[in-house]
Every structure is written in C-alpha cells, then in structure tokens.
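Beneath this line is the structure, given in structure tokens, with notes to follow.
Order of the sequence lines sets the chain letters (A, B, ...), proteins ahead of strands, with each chain counted from 1.
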Number of protein chains: 2
Amino acid sequence: MTGETYDIFQAIADPTRRKMIRLLAGQELPVTVISKHFPISRTAVSKHLRILSESKLVNVKKVGRERRYQLQPEALSEVKEWISYFEPFWDNKISKLQHYVEKEESSEIDPPGSEGDPGEEKGGFPDLTPPD
Amino acid sequence: MTGETYDIFQAIADPTRRKMIRLLAGQELPVTVISKHFPISRTAVSKHLRILSESKLVNVKKVGRERRYQLQPEALSEVKEWISYFEPFWDNKISKLQHYVEKEESSEIDPPGSEGDPGEEKGGFPDLTPPD
DNA sequence: ATGAAGAGAAACCAAAAGGTTTCATATGCC
DNA sequence: GGCATATGAAACCTTTTGGTTTCTCTTCAT
C-alpha cells in the first residue's frame, strides 16, 4: 500500500535521470514531451520517471489523458544532508562558511584539526557502524 | 596516463561505498582493516576502493606494505553543486538562506515564484539541453 | 462509436555491477 | 633466504540495470 521506494542516491546516479531532473526544474511536463529530449524510447523514459517517482523526486499529476511530471527537489535534501556530514573534513572555503551558517548542532563529528595522529590505530578502531 | 575515472554520482550510489566513505572520515585506513567492517571479501572491498579512488573520493598512500586509504571529501563538491542548482526550486528555509550566502551568480536560474502559469506550454518548450 | 494520442505493463535482451575464489607480487621479519 | 602479511589482478558467476518491442487501457476529438 505504501508504494515502492527507490534509493535516492541510486536515482540520481544515472546521467539520463539527472538530465530529466534538470529538465523538470521549474516546469512540469508530460512523458511524451520529456521523451522528445532523449534519444531513448518513450517507454524507457517512463521507466526512469517511475524510478524518480519512487524516490520521491518527482510527482505525477493527471491532466486529461496526460500525466504531468513535476520535480520535487526537496527529496534531494537527503543527499545534501549526507554530504554535509563530510564538510567539516574538507577545506573548501565556502564549506567552512556554511559550517557556521548552517549547522545548529556540531556534535557527533570529529572536527578537522582534532585528529590524534592517525598513524597508529592498529588495535582498536572505533566501530562506527555509521547510519549510512 | 590520466588514469580511469568514475562518475561520482555512481560512486556514492552504492550503500557499501557510502559506508566506506563514512568510515574513512577523519581516519586513514588500510584495506585489511576496512574490510573488517564489511561482510564481503577483502577483494570486493578493494574493488570498491578502486572505484572510490577513480572518482577522486579517496586517496591512496603507500606505507610499507600497506596502502592507506584516505578520504578526499572535496570530490563531493560536484554533487553538492549539482544539488544547489535546485535549491531555488524548493522551500526548505535553510536553502533560501544558502541561496544568498553561497551564490555569487544567480543567473540562468528561474527563481521560484516567477512561473508564468505552467498550464499551457504545449507548443514550444525551452529546449534546455542542460549541462547534466 | 470510432479512431488517434498518451501512457504504463509485460516479456525479453545485452551489458554492467557486485561478489567470489584463485593467483601473483611486493614488503616485512627472523 | 624463506615465510607470513598486505594487496591488486584475473577469471568467473549471478543479479541488476537500462533499453527495446509489443500489447492494453484511457481519454479526447470527430
């Protein structure tokens, strides 16, 4: 009843689907029109759209006999958040700014500059068993 | 001579690789140790690491007979930037803040709120042919 | 009502992905 | 030298993925 789901990281892994997402930014389009932009069959496009739909990246709206696909970019926040976990570990100046602007909680992350010489960790590694 | 490359979106599509990335955040580890954290063979881990390496997400440092793998999270900026293209289209409050904080150029994007009734675009769609 | 247009479902296929086991090579240690 | 450790390469296998063609179902227009 809940409907299928599809991992969003996998959803955006395919270049064709990324192009579709771009195409749908700001405009909602029916399948036939979308497929005009790609060198593959309409059916193939339809399957990609189903995957995007199952990953909550797009929304379908029935209008007459057509189905208008609409981007739901909020679904990307999962990816964005996943990435933001690593921002404290990189040196891009922008990311440092964001670190202060956008983070409320700075817990659970080893901030860079606090590594206790990673040279000799042979015996006991922190078994992070990370959430993802 | 340039070495193989691997699409970073595909690199992070695999859950096992995402866990590896998490594991390598803040610490550099050799293959054998990394493989202790996964229910797959060391060789399989090695192949994942090669993919991460080819997508510039990790760096290898030879130390004696071991290869220490080190995270290079900057590679994620490509993904981050790709996502940021869509932030003007969603309503998350944080993203709006970022829109001002992080963008130098706000060109080439239809800001949300400027849609001219998407109901009747039947004839001429802007052929975006987007960069990705 | 009848035919054309829009779209998903089914069945099928080739290639890519993720794993495994086995083999080869380099380095460390006595 | 000779053996154990660390790791990648090769060959191989199975499942997933992206695509196709064909078929069916709706809905619009005449």
On a heavy-atom basis, the closest approach of Ser55(B) and Tyr6(B) is CB-O, 3.2 Å

What residues form a ring-ring contact (aromatic ring centres under 6.0 Å, His included) with Tyr69(B), not counting sequence neighbours? none

Protein-nucleotides 8-12 of chain D N/O pairs under 3.5 Å:
from   : atom 1 : to       : atom 2 : distance (Å)
dG8(D) : OP1    : Tyr69(B) : OH     : 2.6
dG8(D) : OP2    : Ser46(B) : OG     : 2.4
dG8(D) : N7     : Arg42(B) : NH1    : 3.4

For Lys61(A), the salt bridge (Lys or Arg N to Asp or Glu O under 4.0 Å) test, sequence neighbours excluded, returns Glu28(A)

Tell me the interatomic distance from Arg68(B), atom CZ, to dT5(D), atom P, rounded to whole angstroms. 18 Å

What are the two closest heavy atoms between Leu71(A) and Leu24(A), and how far apart are they? CB-O, 3.6 Å

Whole angstrom value for the distance that separates P of dA16(C) from CG of Asp7(B): 15 Å

Rounded to whole Å, please give me the gap between CD1 in Ile51(A) and P in dT16(D). 13 Å

Contact class for Thr32(B) (heavy atom, under 4.0 Å): base, sugar-phosphate, or nothing? sugar-phosphate

Take atom CD of Glu54(B) and atom C1' of dG18(C), then tell me their distance rounded to the nearest Å. 15 Å

What does nucleotides 25-30 of chain D look like as a protein-contact string, B for base, S for sugar-phosphate only, - for none, at under 4.0 angstrom between heavy atoms? --BS--

OP1 or OP2 of dG19(C) less than 4.0 angstrom from a side-chain nitrogen or oxygen of His48(B), does that happen here? yes

Taking the inter-plane angle between the rings of Phe89(A) and Phe86(A) on a 0 to 90° scale, is it parallel (under 30°), tilted (30 to 60°) or perpendicular (over 60°)? tilted

For Lys61(A) and dG6(C), give me the distance from atom NZ to atom P, rounded to whole Å. 18 Å

Does the Ser77(A) side chain pair with the main chain of Lys80(A), one donor and one acceptor, at a distance under 3.5 Å? no

For Arg50(A), which residues count as a side chain to side chain donor-acceptor pair (under 3.5 Å) partner, sequence neighbours excluded? Glu54(A)

Atom pair distance, as rounded to whole Å: CD1 in Ile40(A) and P in dG8(C): 13 Å

Distance check: side-chain N/O of Thr16(B) vs OP1/OP2 of dG18(C), anything under 4.0 Å? no

Euclidean distance, atom CG of residue Leu52(B) to atom C1' of dT7(D) [Å, nearest integer]: 16 Å

Glu78(B): salt bridge (Lys or Arg N to Asp or Glu O under 4.0 Å) partners, not counting sequence neighbours: none

Among the candidates dT20(C), dA7(C), dA17(C), find the nucleotide nearest to the side-chain atoms of Tyr6(B). dA17(C)

Would one find a side-chain N or O of Gln10(B) under 4.0 angstrom from OP1 or OP2 of dA17(C)? yes

To the nearest 0.5 angstrom, please state how far the CD1 atom of Ile51(B) sits from the CD1 atom of Ile12(B). 13.5 Å

